[in-house]
Amino acid sequence: GSNAASTEDQDGLQERPKSIFVEKVTVPLEELYAGVSQKEFTLDDNIFQRYQAAFRGGIASQIALQGLLTSIPLLLRSSWPVSFLCFLATFHISLPRPMRLSY
């Protein structure tokens, strides 16, 4: 299935949220017609791609919850800007990176 939140795998367990990275690649027609059996692709790893992948794969909500649980106790002891910065820092640091950059 295409929807990770409602799809079940072979064991009957729901798929876990993850980051889904998407990279557009261009393959020349000459290589397609020649039947090239292997082609190496390099994934662009920047912070914008990691944010997009986290929201696309559904893990952003879990990271946001983790950041919220980290920043709420801080809100009780300090001001809201400090708590908000803690939330942003926790969210940013917790974003998963791609397992591999070359495929």
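One is the number of the first residue; the rest follow in order along the sequence. It should be emphasised that the depicted structure is a prediction, and the values quoted were computed from it without experimental measurement.
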Nearest heavy atoms of Leu74 and Cys86, plus distance in Å: CD2-CB, 3.6 Å
Thr70 to Pro73 - nearest heavy-atom pair and separation: O-CD, 3.6 Å
Pairwise distance [atom1]([X]) to [atom2]([Y]) - rounded to 0.5 angstrom:
X: Phe87; Y: Leu68; atom1: CZ; atom2: CG; result: 6.5 Å
X: His92; Y: Arg50; atom1: NE2; atom2: CZ; result: 6.0 Å
X: Met99; Y: Lys18; atom1: CE; atom2: NZ; result: 12.0 Å
X: Leu65; Y: Thr90; atom1: CG; atom2: OG1; result: 12.0 Å

Side chain to side chain contact (heavy atoms under 4.5 Å, CB included) between Ser94 and Gln66, worked out: CA-CA 9 Å; Ser94 299; Gln66 178 184 2; 3.8 Å; yes
Connected-component partners of Ile59 among ILVMFWY, side-chain separation under 4.5 Å: Ile47, Tyr51, Phe55, Ile63, Phe91, Leu95
Phe84 reachable from Leu76 in the ILVMFWY side-chain graph, under 4.5 Å edges: no
Test ring-ring contact (aromatic ring centres under 6.0 Å, His included) applied to Phe21 - qualifying residues, sequence neighbours left out: none
Ser83 side chain vs Ser71 backbone, donor-acceptor pair below 3.5 Å: yes
